[in-house]
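Computed from a prediction, not measured in an experiment: that's the story for all the values here. Side-chain atoms are counted along with the backbone in the values below, which use heavy atoms only and exclude waters and symmetry mates.
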Amino acid sequence: MRMIMIRPLLLAILALTSVMAFAACSDDEPTATRGPEATATATTPAATSTPTLTPGTPTPTATAAPLLPTATPTATPMPTPTPILITRGGILRVGHRKDPPAAWDTMRSTNYNLTPLTAAIAGEGNLVQPCWDDETTICPAIAESWDVNSDFTSYTFKIRDGVKWHDGEPLTAEDVVYWVNLFVNGAKVGDLERLPGVAKAQFGDFKSVELLAGNSMRINLNNPDAFYLDGLAMHRVPIFHPQHLFEPAIQAGNMDVTPLELGNIAAGPFKFVSYDPGIGVVTERNDEYWEKDGVGNQLPFLDGVEYFILPDASAYHAAFRTGRLDRGAMGRGYYVAPSMVPQYRDSLGDDIYFLERAGGASAGLGFNTLKAPFSDIRLREAISLWIDRQTAIDTLNQGSGKIRAGFLDPSSSDPTYLTWPGYNPDTREADRAKAKQLVADAGAEGLEFTIILPNTMGTAMEWWAGAIDGLGLTAKLQVMDVTAFDERKAGTDWDATWTGGNMDQGTTALINFSFGQKSDSPYAGTVHDDPKIAEEATRLGSVRSNAERNQILRELEKYIFLDKAYILQASVGLDLIPVRSYVKDTKTSFILNPPTFASFSRTWIQK
């Protein structure tokens, strides 16, 4: 059974080999197509269930996503699907790369070792979520509806009545107001302090939050932002901190209290059952989950999701190929590279399909520009001029990729970006000569500096260290576990760092989160005191058309990645997530972060 589609953009950009035996099922967007409809009991080796057959939704075929979606000030109704038969029950077995950091606290880490787990427990998004049928539009989540004022500075949300936390307590607008305040402002009790969440910039140019009558609340912004909900809906800020549990603990002086200490209570489709470090995570269906599918079926369909923690990537790939897993893990080293597809086909034949993501093994290099040596822009420019970005495609992306700047989808970049110094292979000799001269002018020949990175990014950052060889600078890698890296990167005691970040879904909040000043975004991939990025991000929120929005984003791209060289990127390739053919209605986002659609609320097993 062939269940992969390739978008024309990928055929042009990534040139996948024919051995992957993919079937084209749409002209625009990659997604799994549905196999034969369920007619039998759904079971997995981990559980046996007696299912009911319920009309459900077909796997939607995503359309070509506009990279810069229009503002969505009101809820987008879901389209009416054609009913098919869905099998309820069964346990989904999912690979997971490493133990979750920061005691499961999404206010302390946004790492992919954590957020795919919290997606199932807390649900997609928060107040709002990316629509299942079209990730570039916004759908209701905990908020059943919303209104926005005429200048896009106040967003008023009506919270669903009847939503419950996993411990049975009601989730109300008061809970949401508490969660927003805790995330954005932190908390103080006497001389004790709890810091704001590392992703607080995702709340945009935040001014205040208000509790209103009628189970409603309002978020007020300092400046207009017509695309505010696009950023708010991202996976980094799930509602995972119940007021009735966190407030008493914090008031008692436990300022660093974490979700794990309090039982990982949320309101998503699956309840937390257990976590064994180095072994796995067990969840079970939340029978009181609020969401239904497009034809009124209660979600979720699965009895539960079990995550198998496999820190060794080779062991993980072997486990999948020998039938121990139903869906693959997310993260570097765990994606299936195009060259690995024949091995998977040899083991599983057509009983497998692959979800596609923009990625590959490459990553960005961000600089701390407030301390030597990279307070000197000449050294940042020299590295950008010196590196051979094509070698990142050849080695990290196995020849299937594209040189990139600020956008994961290079077609969204400035049309002239491949003529920029350092990006144009035709000027390589002159660029490298200038790079050498800049290092000499800075008096930095023989300089050593350190790149900090999490232990999941070794291959990508080894490429960066090697790519700098010959320039007269030496990069040393300081590898640390994810929790230590998150803490270190949130500060300013480093020279250079691994970083991600892209401009494809550019909003005021997401630009500030990835590229803003440290005071506004502790997790930004660069350290600077440049007000221009925040000013341009604010201007971004004031426009109403995609054309204006795209123009500002391209100007920011050139400013951040070329003019100031705050962050450097090299290439983008392709990541594949393996899925067994009996797993239905599971998907990922091609450009949005991997935990998008990782709640498995609509997933079902035909087995």
Between the side chains of Lys587 and Glu356, is the shortest nitrogen-to-carboxylate-oxygen separation below 4.0 Å, so that they form an ion pair?
no
In terms of the angle between their ring planes, are His96 and Tyr307 parallel, tilted or perpendicular, with boundaries placed at 30° and 60°?
perpendicular
Between Ser109 and Asn111, a side-chain donor and acceptor under 3.5 Å:
no
Classify the angle between the aromatic ring planes of Phe515 and Phe561 as parallel (below 30°), tilted (30 to 60°) or perpendicular (above 60°).
perpendicular
Given the ring of Phe157, does Arg218 sit roughly above its face, with NZ or CZ under 6.0 Å from the centre of the six-membered ring and within 45° of the axis?
no
Polar side chain donor-acceptor pair, Ser521 to Asn512, under 3.5 angstrom:
no
With a 4.0 Å cut-off on N to O distance, would you call Glu291 and Arg602 a salt bridge?
yes
With Lys200 as the cation and Phe183 as the aromatic partner, state whether NZ or CZ is under 6.0 Å from the six-membered ring centre and within 45° of the axis.
no
Test of understanding: with side chain to side chain donor-acceptor pair (under 3.5 Å), list the residues that count as partners of Lys532, not counting sequence neighbours.
none
Check residues 241-252 and write down every donor-acceptor pair under 3.5 Å in which the side-chain atom is one partner and the other belongs to a residue at least two apart or another chain.
| unit_1 | atom_1 | unit_2 | atom_2 | d |
| --- | --- | --- | --- | --- |
| His241 | NE2 | Asp105 | OD1 | 2.8 |
| Gln243 | NE2 | Glu247 | OE1 | 3.2 |
| His244 | NE2 | Asp167 | OD2 | 2.7 |

State whether a side-chain donor-acceptor pair under 3.5 Å links Gln517 with Asp530.
no
Tell me whether the rings of Tyr112 and His235 are parallel (<30°), tilted (30 to 60°) or perpendicular (>60°).
tilted
Can a salt bridge be assigned to the pair Glu288 and Lys164 using a cut-off of 4.0 Å between side-chain N and carboxylate O?
yes
From the list Trp165, Phe203, Phe240, ring pair (Phe, Tyr, Trp, His ring centres under 6.0 Å) with Trp179 holds only for Phe203
What residues form a side chain to side chain donor-acceptor pair (under 3.5 Å) with Ser599, not counting sequence neighbours?
Glu124, Ser601
With a 4.0 Å cut-off on N to O distance, would you call Asp563 and Lys558 a salt bridge?
yes
Tell me yes or no: between the side chains of Asp151 and Asn149, is some donor less than 3.5 Å from an acceptor?
yes
Looking at Thr153, Asn222, Thr508, which one forms a side-chain hydrogen bond (donor to acceptor under 3.5 Å, both in side chains) with Asp205?
Asn222
